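Side-chain atoms are counted along with the backbone in the values below, which use heavy atoms only and exclude waters and symmetry mates. The model shown is predicted, which means the values in this text are computed figures rather than measured ones. Lettering of chains follows the sequences in order, A, B, ..., and the numbering in each one begins at 1.
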There are 2 protein chains.
Amino acid sequence: MKKEKELYRDFLRSKNLKLTKPRLIIMEAVFENHEHFNVDDLYEQIKKKHKNVSRATIYRTVPLLVESGLIKQSLRCESKDIYEHTYGHENHLHFICEKCGKIIESGFNDVAELIDTLAEKENFKISEYNLGARGLCSDCQ
Amino acid sequence: MKKEKELYRDFLRSKNLKLTKPRLIIMEAVFENHEHFNVDDLYEQIKKKHKNVSRATIYRTVPLLVESGLIKQSLRCESKDIYEHTYGHENHLHFICEKCGKIIESGFNDVAELIDTLAEKENFKISEYNLGARGLCSDCQ
DNA sequence: ACTTTAATGAGAATGAATCTCAACTGCACA
DNA sequence: TGTGCAGTTGAGATTCATTCTCATTAAAGT
Ligand SMILES: [Mn+2]
Ligand SMILES: [Mn+2]
Ligand SMILES: [Zn+2]
Ligand SMILES: [Zn+2]
């Protein structure tokens, strides 16, 4: 069994939640590709293979995936919440082009280290970084 | 005339927009305090003194204040967009407590410098940083 | 299989943000 | 100081992402 599925199953079990068919379908769909995604993307993707997984269930399941640590809420684009994998992905920061909407991912480690230092000063315990900048990509300048 | 009002007036003029009463009232309300705010906060604040500035106009004016560089869109809290001053405020990053909702502001310069280096590598021109982390504040751990 | 309890689909409801439009106002110019 | 006109406004309607409701169904332990 794939590692992410195992983690998911254990997470659900630890919360006394059931590993249902829709929950599995949704989780597998999430790991079928590696792009940023929103709930609607996911719904459309799932609908191709599984006619009867409802939007409501996806909206209910995504927060479970977040809580399990497999994905995180990342950006907001076009008034929609955007998610991305955390499991199997390095932490990174996002440069978002204000013209074409492109999202560029870039390094992270040095930045995180610096921010950790600042957090320590405030005695703040970080659970999730959220780092990025808006501007113009090389194509759009 | 206060500097921010002057900048605002010049900005409006440069875009062939009129400096109307509601626009002035809204701008002044924004600079009456120095907290993060959302449109509804602003509406309630303004309503106390000026009965007839509509929510619609506030929603229309806030993007002008953003475009003029006086404020920026900052976080999202409780499904609402949150704004904060940029004019007269140092850039900073946000530590957001997931338990009590407190927002802690912290330094910035070293982080920005590092991110500038990364942006240069991608040939990305930054116009606005968006830096923060979620976690637990010292009181909530 | 039976029982218990949680989860689901479908559609209704919510609420922040946007849009519409008739009435109004800033402002350039006379 | 008045006139004209394009840009603005308030009020309410609308949109649309997200959440909720509830009758029905399914997981999982026994
Ligand atoms: Mn990413
Ligand atoms: Mn701030
Ligand atoms: Zn671009
Ligand atoms: Zn706290």
Quick check on DNA chain C: between Arg76(B) and Leu17(B), whose nearest nucleotide comes earlier from the 5' end?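 It is Arg76(B) whose nearest nucleotide is closer to the 5' end.
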Discussion item. Judged by each residue's nearest nucleotide on DNA chain C, which is more toward the 5′ side, Asn38(B) or Lys21(B)?
Written reply: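 This one resolves to Asn38(B).
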Can you check whether [Y]'s main-chain N or O pairs, donor with acceptor, with [X]'s side chain at less than 3.5 Å?
| X | Y | result |
| --- | --- | --- |
| Gln141(A) | Asn123(B) | yes |
| Thr61(B) | Ile58(B) | no |
| Gln45(A) | Ala29(A) | yes |

Q.
Considering every strand and a 4.0 Å limit on heavy-atom distances, what is the contact class for Asp81(A): base, sugar-phosphate, or nothing?
A.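 Answer is sugar-phosphate: Asp81(A) comes under 4.0 Å of backbone atoms only.
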| message | Heavy atoms only, 4.0 Å cut-off, all strands: where does Arg60(B) land among base, sugar-phosphate and nothing? | response |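 Here Arg60(B) touches the bases of the nucleic acid.
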Parallel, tilted or perpendicular, as decided by the 30° and 60° cut-offs, for the rings of Phe124(B) and Phe95(A):
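Ring orientation, 0 to 90° scale: parallel.
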Practice task
Classify the ring geometry between Phe37(A) and His85(A) as parallel (under 30°), tilted (30 to 60°) or perpendicular (over 60°).
Solution key: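 Perpendicular.
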(message) Between Lys72(B) and His89(B), is there a side-chain heavy-atom distance shorter than 4.5 Å?
(response)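 Contact flag for His89(B)/Lys72(B) side chains = no.
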Rounded to whole angstroms, how far apart are [atom1] on [X] and [atom2] on [N]?
| X | N | atom1 | atom2 | value |
| --- | --- | --- | --- | --- |
| Arg13(B) | dG26(C) | CZ | C1' | 12 Å |
| Leu12(B) | dA28(C) | CG | P | 13 Å |
| Arg9(A) | dA28(D) | CZ | P | 11 Å |
| Leu64(B) | dT18(C) | CG | P | 12 Å |
| Arg23(B) | dG26(C) | CZ | P | 11 Å |
| Asn16(B) | dG26(C) | CG | C1' | 13 Å |
| Lys15(A) | dA28(D) | NZ | P | 17 Å |
| Ile82(B) | dA17(C) | CD1 | P | 9 Å |

Name the residue closer to the 5' end of DNA chain D, choosing between Pro22(A) and Val39(A) according to the nucleotide with the nearest heavy atom.
->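 The answer here is Val39(A).
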Practice task
Determine whether the side chains of His92(B) and Glu84(B) contain a donor N or O and an acceptor N or O closer than 3.5 Å.
Solution key: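 His92(B) vs Glu84(B): donor-acceptor pair found between side chains.
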Q: State whether Thr20(B) places a side-chain N or O below 4.0 Å from either non-bridging phosphate oxygen (OP1 or OP2) of dT9(D).
A: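 So the side chain of Thr20(B) is within the cut-off, an N or O lying under 4.0 Å from OP1 or OP2 of dT9(D).
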**Message:** Between the base of dT5(C) and the side chain of Lys18(A), is one N or O donor paired with an acceptor at under 3.5 angstrom?
**Reply:**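 A donor-acceptor contact between them is present.
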At a heavy-atom distance below 4.0 Å, what parts of residues 43-59 of chain A sit against DNA chain D?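 Residues of residues 43-59 of chain A under 4.0 Å from DNA chain D: Ala56(A), Tyr59(A).
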